[in-house]
Amino acid sequence: EETRFYDDIGCLAADWASHQSDARAYVRTTEGAWSDAQDASYAQPAAARTAMGSGITAFSTAADARTADRAGRALTFDDVLHLTGAPR
């Protein structure tokens, strides 16, 4: 077993295809809680500053993500994979 840590959700998404069959992903939400990546909701707030520049942030609820997103969207993890060009 290998544990990997990513400082940006976009980097996790880009690397996900090589691990998805035998791994689980967790993200830290803006509220400070850990969430399974499949259960979290995601947004790209206009003012978001992330480590590698993806601007993708995780939220506990779709409503919070929608409120924060610059386009009013609440993204799923699959949406994030598509957005970053990662194979699904």
Looking at Tyr42 and Ala37, what are the two nearest heavy atoms and their distance? OH-O, 2.7 Å
Of all residues at least two apart in sequence or in a different chain, which pass the salt bridge (Lys or Arg N to Asp or Glu O under 4.0 Å) check with Asp39? none
Work out which heavy atom in Ala14 is nearest to a heavy atom in Thr84; give both atom names and the distance. N-OG1, 4.4 Å
For Arg66 and Ala74, the nearest pair of non-hydrogen atoms, with its separation, is NH1-CB, 3.3 Å
Listed by chain and number, what are the side chain to side chain donor-acceptor pair (under 3.5 Å) partners of Arg4, not counting sequence neighbours? Glu2, Asp15, His19
Partners passing salt bridge (Lys or Arg N to Asp or Glu O under 4.0 Å) against Asp69 (at least two apart in sequence or in another chain): Arg73
Side-chain contact test, heavy atoms from C-beta onward, threshold under 4.5 Å: evaluate it for Thr57 versus Pro45 and give yes or no. yes
Smallest separation among heavy atoms of Phe59 and Ala43, with atom names: CE1-CB, 3.6 Å
Under the side chain to side chain donor-acceptor pair (under 3.5 Å) test, residues paired with Gln38 that sit two or more places apart: none
Write down the atom of Met52, the atom of Asp8, and the distance for their closest heavy-atom approach. N-OD2, 2.9 Å
Please name the pair of heavy atoms, one in Ala58 and one in Val27, separated by the smallest distance, quoted to 0.1 Å. CB-CG2, 3.7 Å
Under 3.5 Å donor-acceptor, Gln44 side chain and Ser54 backbone: yes
Roughly how far apart are Phe77 CZ and Ile9 CD1, rounded to 0.5 Å? 8.5 Å
Taking the side chain as every heavy atom from C-beta outward, state whether Thr29 and Asp64 have any atom pair closer than 4.5 Å. no
Quick one: list whatever passes side chain to side chain donor-acceptor pair (under 3.5 Å) with Thr76, sequence neighbours left out. Asp79
Applying side chain to side chain donor-acceptor pair (under 3.5 Å), can you list everything that pairs with Ser60, at least two apart in sequence or on another chain? Glu31
